There are 2 protein chains.
Amino acid sequence: MLGVLGGMGPMATVDFMGKVVQNTPAACDQDHIQVVVCMAANIPDRTAAILGEGTDPFPAMRATVRWLETAGATCIAIPCNTAHHWHAALQAETSVRILHIVDAVADTLAGQGGCIGVLATSGTVKAGIYQKRLALRGFSCRTPDAAGQAEVMRAIRLVKAGQLAEATTILRAQAEAMVAAGCRQVVMACTEIPVALATVNGALRSVLVDATEALACACVEACTTGAADPALPLAV
Amino acid sequence: MLGVLGGMGPMATVDFMGKVVQNTPAACDQDHIQVVVCMAANIPDRTAAILGEGTDPFPAMRATVRWLETAGATCIAIPCNTAHHWHAALQAETSVRILHIVDAVADTLAGQGGCIGVLATSGTVKAGIYQKRLALRGFSCRTPDAAGQAEVMRAIRLVKAGQLAEATTILRAQAEAMVAAGCRQVVMACTEIPVALATVNGALRSVLVDATEALACACVEACTTGAADPALPLAV
């Protein structure tokens, strides 16, 4: 059973859940995988914490991970890129495998090495979540300059507040700038970004990598291979 | 905290969750309501059971409702119209309020009385879920004839299998037939139907009533009024 540490943000979790369902080979309800989703909206802002400006979200995330483990999750996903700053610390708290969103992205990148653009929160960028983990796979990362990064953060907050149109305009421009700067592919490395760029078509679409979808596909694979999941009701 | 007995079907649950998030007054993640969703894909087919052709889904639904109660849900929603055949029996098993989707729909219907079209599963129609409960509010119901109902069921199964385009064509024609037969409004009374009719515009859009959205709004209201919800981690 897949356990989802969700709510960071809520619409991004919904987008992730939709991508899990869409990527599950199924002809009827009963073919789908068992999932428990916690929309834990009380988790403090991740970027603020990384930038030293907010409450530590780790205790609330740890509590929800432990709760998902108790509920019977056999693997856990966190549809929030920035929250992966605490991935290793969370993994140390549970024996249940927590999939890593950057590994899921790396598995979908074309070719070997090269420069990859990363559109992400300032927290994800500052913590080096993509830079460090993609370097292990031979890729280098480009992130926007300070002014561009501020625009990306503004767009992400617009998505969280439900104002998609302006967010789409900002993020499309930033993605195009990365392609112009030589990036072969551009990772939408914040779960709000694919929500805003869902309507983008043409040449830009073909270079965008959806981290949310990559994580969803990794979850489906993890939950549909190997032993059958125990059925609900859950072991609590 | 909202508890969601989901997975009937999975994409309908995702659609419901999106409507909960969209209808929550929120400017940032932390403004959203706490939700726990069980995607209990192992629940047997509801329509088959009502038609006497399948396994009783009640034990699996009861187990999940009890689990949501243990998890700390202060109200429960079931984003599956047909499952409401067991609403009273499920409510008898828990002290947590289970919102009723037909009550949520009735609260959104325009005017007093008149004939309302109902597009639903054959199980929902045969069980009289809408007919009985809307009659209490002064409305009469029209459902498709046998051939039309078979088409509606086929469209619903197409949605569950991810084949939206053909489902949209079928359901639009059935909805238009109900308007032609004198229905003032047409309820999309199966949670798969709004997924298929999301792209319908024009005059037909203005008479369509989205039962999923009505339930989502009722949930937001139930969870944002009164005492503050206890924060996650949940009491299990």
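Predicted model only: the values in this text are computed from it and were never measured. Every chain is numbered from 1 and lettered A, B, ... according to where its sequence line falls, protein lines coming before strand lines. Heavy-atom basis, side chains included; hydrogens, waters and symmetry copies ignored.
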(request) Please flag which part of A:Asp45 lies under 4.5 Å from any non-hydrogen atom of chain B: side chain, backbone, both or neither. (result)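 Both backbone and side chain.
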
(request) Check whether A:Gln163 gets within reach of chain B through its side chain, its backbone, both or neither, counting any heavy atom under 4.5 Å. (result)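 Neither the backbone nor the side chain of A:Gln163 comes within 4.5 Å of chain B.
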
(message) Looking at every heavy atom in both A:Ile98 and A:Val65, which two are closest together, and how far apart are they?
(response) CD1-CG1, 4.3 Å

(message) Which heavy atom of A:Ala211 sits nearest to which heavy atom of A:Val187, and what is that distance?
(response) CB-CG1, 4.2 Å

(message) Less than 4.5 Å to any heavy atom of chain A: does that hold for the side chain of B:Pro59, its backbone, both, or neither?
(response) neither

(message) Given heavy-atom pairs under 4.5 angstrom as the criterion, report whether the side chain, backbone, both or neither of B:Leu158 touches chain A.
(response) neither

(message) Nearest 0.5 angstrom please: A:His84 NE2 to A:Ile129 CD1, how far?
(response)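 Here the rounded value is 8.0 Å.
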
(request) Find the one option among A:Gln30, A:Met8, A:Arg157 whose heavy-atom pairs under 4.5 Å with chain B are most numerous. (result) A:Gln30

(request) Among the options A:Met11, A:Arg66, A:Met17, pick out the one with the most heavy-atom pairs lying under 4.5 Å from chain B. (result) A:Met11

Show which side-chain atoms of residues 165-173 of chain A pair as donor or acceptor with protein atoms under 3.5 Å away, not counting sequence neighbours.
{"unit_1": "A:Glu166", "atom_1": "OE2", "unit_2": "A:Arg154", "atom_2": "NH1", "d": "2.9"}
{"unit_1": "A:Thr168", "atom_1": "OG1", "unit_2": "A:Leu164", "atom_2": "O", "d": "2.9"}
{"unit_1": "A:Thr168", "atom_1": "OG1", "unit_2": "A:Ala196", "atom_2": "O", "d": "2.7"}
{"unit_1": "A:Thr169", "atom_1": "OG1", "unit_2": "A:Ala165", "atom_2": "O", "d": "3.3"}

(message) Taking side chain to side chain donor-acceptor pair (under 3.5 Å) as the definition, give me every residue that meets it alongside A:Lys19, ordered by chain and number, with sequence neighbours left out.
(response) A:Asp15, A:Asp210

